[in-house]
Amino acid sequence: MSVLTCVIESMGSSCSRSHSFDEAEAAENAKSADIDRRILQETKAEQHIHKLLLLGAGESGKSTIFKQIKLLFQTGFDEAELRSYTSVIHANVYQTIKILYEGAKELAQVEPDSSKYVLSPDNQEIGEKLSEIGARLEYPSLNKERVQDVRKLWQDPAIQETYSRGSILQVPDCAQYFMENLDKLSEEDYVPTKEDVLHARVRTNGVVETQFSPLGESKRGGEVYRLYDVGGQRNERRKWIHLFEGVNAVIFCAAISEYDQMLFEDETKNRMMETKELFDWVLKQRCFEKTSFMLFLNKFDIFERKIQKVPLSVCEWFKDYQPTAPGKQEVEHAYEFVKKKFEELYFQSSKPDRVDRVFKIYRTTALDQKLVKKTFKLIDESMRRSREGT
């Protein structure tokens with residue numbers, strides 16, 4: 001073999017090794033670039049998760065809104081989750097009947113027309129038995145016999161009269177719904193429906209969170225939100241401050257039907273006055289200077305019924321309210337008055353450099369699935385426009 005041939009073959013061999021090395025390096029670089037690209041995409045995706053904070057006083061309906069998110073924009077509740085609410089619903093029934101029975105006894109002692117709050121002797125005996133159960137830390141399951149006792153007590157004219165005074169007795173909003181559905185609650189194979197779950201009353205303790213898109217889990221390309229809900233009772237509010245950083249929007253729930261009710265934890269304090277003070281405090285937080293505010297004037301369904309019987313002026317904040325003609329016109333007039341009060345509070349509590357942040361008010365009924373869905377789609381549109389500067 002000539003020297004030239006050796007040199008050429010040597011060069012070929014060297015080029016081949018060099019070519020293999022280049023291919024391996026290119027493949028490694030491509031793999032590395034792919035990882036970097038995926039990390040970047042994940043980082044961007046994380047950046048596009050918008051943080052929502054769900055705030056409000058106790059009993060404002062926040063928990064129901066939170067449950068609606070799961071039903072509307074996620075997979076809903078599976079059978080195990082639905083069954084887990086059985087004990088909660090049974091507890092709601094026992095708690096309600098205890099409040100009504102004890103309330104009737106109290107009203108019979110303090111009201112001038114005390115006779116209408118006196119139960120029949122048989123029902124007094126049933127009331128004592130159910131009240132004792134309602135005072136326990138753990139409740140037995142509702143069976144046919146207990147349901148029969150609950151129904152008999154519920155139908156007593158004295159209890160019905162007491163129920164009409166529910167605003168002063170801390171009777172939960174779910175009372176009538178569960179009392180009208182007692183038979184199914186005691187069935188052996190009872191599985192709560194989504195409607196039952198929405199009505200079930202459970203206080204939020206600590207912080208719960210969920211991630212969703214108003215377009216739903218099956219759709220792609222929509223904005224993604226992470227919603228945080230914290231307990232609204234006074235003893236839970238110390239946990240709020242830890243969540244205040246990096247919030248894109250605050251959703252504040254105000255139960256407008258509670259203008260004639262007192263706090264569960266302080267029966268000398270009107271619930272609406274507490275809501276006013278709480279909203280004012282949240283608005284003034286420095287970390288929310290550029291944060292969007294979405295105000296839910298919630299429990300409109302109860303407000304609509306109540307306003308026909310109880311004047312708004314019973315609440316100190318609304319003492320200057322002047323009613324108009326009865327019926328639907330009065331409902332709208334009263335609602336617009338309350339809405340204006342919250343608008344005035346917003347602008348009074350917002351520094352001049354904060355008034356240009358997004359502020360929207362929505363009329364809501366947390367139990368109304370269609371309305372909640374529509375509301376969150378409007379919020380999504382509003383936040384998109386805000387980000388795009390339009």
Side-chain angles (χ1 to χ4, degrees), residues 54-57 59-62 64-65 68 72 163-168 171-177 198-199 249-262 270-280 282-283 292-350 355 358-382 385:
L54 186 57
L55 302 179
E59 314 298 322
S60 62
K62 294 189 299 88
T64 308
I65 295 286
Q68 286 281 28
L72 287 165
Y163 179 63
S164 70
R165 304 287 302 279
S167 292
I168 64 169
V171 176
D173 295 332
C174 63
Q176 185 151 351
Y177 176 83
L198 287 173
H199 279 86
V250 170
I251 298 174
F252 191 93
C253 262
I256 58 172
S257 62
E258 296 182 343
Y259 61 90
D260 67 331
Q261 293 175 254
M262 299 298 170
N270 178 277
R271 289 189 186 184
M272 185 57 73
M273 296 305 293
E274 177 85 353
T275 295
K276 175 193 175 187
E277 291 167 16
L278 190 57
F279 187 49
D280 176 58
V282 172
L283 286 169
S292 299
F293 271 84
M294 311 294 172
L295 175 63
F296 285 11
L297 297 184
N298 197 33
K299 299 193 179 182
F300 178 76
D301 54 334
I302 303 173
F303 177 83
E304 194 173 15
R305 295 191 297 270
K306 185 178 284 188
I307 201 65
Q308 312 279 0
K309 304 171 187 175
V310 185
L312 267 182
S313 53
V314 299
C315 173
E316 178 67 19
W317 193 20
F318 305 146
K319 64 182 179 181
D320 54 336
Y321 176 71
Q322 296 296 322
T324 182
K328 187 168 177 61
Q329 188 178 345
E330 170 63 13
V331 173
E332 290 301 319
H333 180 61
Y335 173 79
E336 288 300 322
F337 178 87
V338 173
K339 181 182 175 184
K340 187 178 178 183
K341 285 286 189 180
F342 274 98
E343 284 175 338
E344 289 172 352
L345 179 60
Y346 173 80
F347 289 108
Q348 288 167 7
S349 304
S350 299
V355 294
V358 175
F359 176 55
K360 300 283 184 181
I361 298 178
Y362 300 94
R363 177 191 301 194
T364 58
T365 294
L367 292 167
D368 186 332
Q369 201 160 37
K370 287 182 180 178
L371 184 57
V372 173
K373 187 175 185 178
K374 179 183 175 183
T375 301
F376 272 93
K377 289 197 171 182
L378 288 171
I379 288 173
D380 185 44
E381 288 171 16
S382 176
R385 285 196 298 270

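Start at 1 with the first residue, then count along the sequence.
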How close do [X] and [Y] get, counting heavy atoms only, and between which atoms?
X    : Y    : answer
S382 : V358 : OG-CG1, 3.6 Å
G61  : N298 : CA-ND2, 3.6 Å
L278 : A57  : CD2-N, 3.7 Å
T365 : V372 : O-CG2, 3.8 Å

To the nearest 0.5 Å, what is the distance between [atom1] on [X] and [atom2] on [Y]?
X    : Y    : atom1 : atom2 : answer
I307 : E330 : CD1   : CD    : 6.0 Å
C315 : I256 : SG    : CD1   : 12.0 Å
I302 : E304 : CD1   : CD    : 11.0 Å
E59  : D173 : CD    : CG    : 7.5 Å
E343 : E336 : CD    : CD    : 8.0 Å
K299 : S60  : NZ    : OG    : 7.0 Å

Sub-4.5 Å side-chain heavy-atom contact between [X] and [Y]:
X    : Y    : result
L198 : Y177 : no
N270 : W317 : no
Y321 : V338 : no
D280 : L345 : yes
F296 : K62  : no
V331 : F300 : yes

For this session: Tell me, with the steps shown, if Q261 and K306 meet side-chain contact (heavy atoms from CB on, under 4.5 Å).
Result: CA-CA 12 Å; Q261 293 175 254; K306 185 178 284 188; 3.2 Å; yes
Exercise. So, F252 versus F293, ring centres under 6.0 angstrom or not?
Worked result: no
Exercise. Under 3.5 Å, is there a donor-acceptor pair between the side chain of H199 and the main chain of L367?
Worked result: no
Exercise. So with a 6.0 Å cut-off around CD of E344, is the heavy-atom count from everything else above 12?
Worked result: yes
For this session: Test side-chain contact (heavy atoms from CB on, under 4.5 Å) on M294 and K360 and set out the steps.
Result: CA-CA 5 Å; M294 311 294 172; K360 300 283 184 181; 3.9 Å; yes
For this session: For V310 and S167, run side-chain contact (heavy atoms from CB on, under 4.5 Å): C-alpha distance rounded to whole Å, both residues' side-chain angles, the deciding distance at 0.1 Å, then the answer.
Result: CA-CA 10 Å; V310 185; S167 292; 5.9 Å; no
Exercise. Got a salt bridge between E316 and K319, using NZ or NE/NH1/NH2 to carboxylate O under 4.0 Å?
Worked result: yes
Problem set entry | R363/D368 salt bridge by N-O under 4.0 Å criterion | no
For this session: Tell me, with the steps shown, if F376 and Q68 meet side-chain contact (heavy atoms from CB on, under 4.5 Å).
Result: CA-CA 11 Å; F376 272 93; Q68 286 281 28; over 6 Å; no
